[in-house]
Amino acid sequence: MSVRVGVLALQGDTREHLQALRAAGADALTVRRRAELDSIDALVIPGGESTAMSHLLREFELLEPLRARLADGMPAYGSCAGMILLATEILDAGAAGRAAVPLNAIDMTVRRNAFGRQVDSFEDDIAFDGLGSAVHAVFIRAPWVERVGPAVEVLARAGGHIVAVRQGRTLATAFHPEMTGDRRVHALFVDMVTGHA
Ligand code: GLN
């Protein structure tokens, strides 16, 4: 039986994630409602704007249910804004009252728009632990990771900064693999969900 993987579809780029997940053999669907969240085995949080997504998570009454599912061990993968939200601590989180909120799924401190202060967007071929040849990584106003806890594996760096991590069955990348047609990161995540990686 294939795993049911949701893509949080409140804001941001969902279509490419759905395609990449289906190519990796998952049954992929969008998640906007509580019933959809309750029905999935794992969740992808896409790129977009972490402050807007935080606001919409509250509006749609998904914030606490999502935190609860993550605390309960639901596997998740976050790309860019999704990486920011999966953190336990967010630096430069945004203006008070509209800030990005941590979902506490990976023990790490993430700085929002960290690369964005230097250069808005860039691409780089980076080594990614366990994926063989380099991954072509697209960074768009991307975060980086400034601290990881002992349970977190660092999978990739760019310019010396941590840009991909894994803690148990939860994965995060500062870049957007869904934009390049390289399906290896999604395939890794689906293997993590099914217990094969
Ligand atoms: N800068 C965005 C944020 O703070 C992330 C950008 C992206 O997802 N491409 O959420």
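Read the numbers this way: they start at 1 and go in the same order the structure lists the ligands and their atoms.
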Atom 10 (O) of ligand 1 has as its nearest protein heavy atom S50 N, 2.5 Å

Which of the ligand 1 atoms, numbered from 1, are nearer than 4.0 Å to a heavy atom of R141:
1 (N), 2 (C), 5 (C), 6 (C)

Quick one: look up the protein heavy atom nearest atom 4 (O) of ligand 1 and list residue, atom name and how far away it is.
R112 NE, 2.7 Å

Please output the side-chain donor-acceptor pairs of residues 126-137 that fall under 3.5 Å, not counting sequence neighbours, one pair per line with the distance.
{"residue": "S133", "atom": "OG", "partner": "R184", "partner atom": "NH1", "Å": "3.4"}
{"residue": "H136", "atom": "ND1", "partner": "D125", "partner atom": "OD1", "Å": "2.8"}
{"residue": "H136", "atom": "NE2", "partner": "E123", "partner atom": "OE1", "Å": "2.6"}

Which of the atoms of ligand 1 are close to I84, meaning less than 4.0 Å from one of its heavy atoms?
3 (C), 4 (O), 10 (O)

Interatomic distance, CD@E49 vs CD1@I84, rounded to 0.5 Å, equals 7.5 Å

First locate atom NE2 of H176, then atom OG of S121, and finally report the distance between them rounded to the nearest 0.5 Å.
9.0 Å

Reported CZ-to-NE2 distance for the pair R22 and H186, which is rounded to 0.5 angstrom:
12.0 Å

With no hydrogens and no angle check, just 3.5 Å: does a side-chain donor-acceptor pair link R4 and S39?
yes

Kindly say whether the aromatic ring centers of F115 and H161 come within a distance under 6.0 Å.
yes

Can you check whether N113's main-chain N or O pairs, donor with acceptor, with R141's side chain at less than 3.5 Å?
no

Checking the N or O distance criterion of under 3.5 Å, is ligand 1 in contact with C80?
no

Pick from G48, G47, A93, A174: the one approaching atom 5 (C) of ligand 1 most closely through a non-hydrogen atom:
G48

Under 3.5 Å: N/O of H176 near N/O of ligand 1:
yes

Counting only heavy atoms closer than 4.0 Å, does ligand 1 sit against the backbone of M53, its side chain, both, or neither?
neither

Which of the atoms in ligand 1, numbered in the order shown and given with their element, are less than 4.0 Å from a heavy-atom of N113?
1 (N), 2 (C), 4 (O)

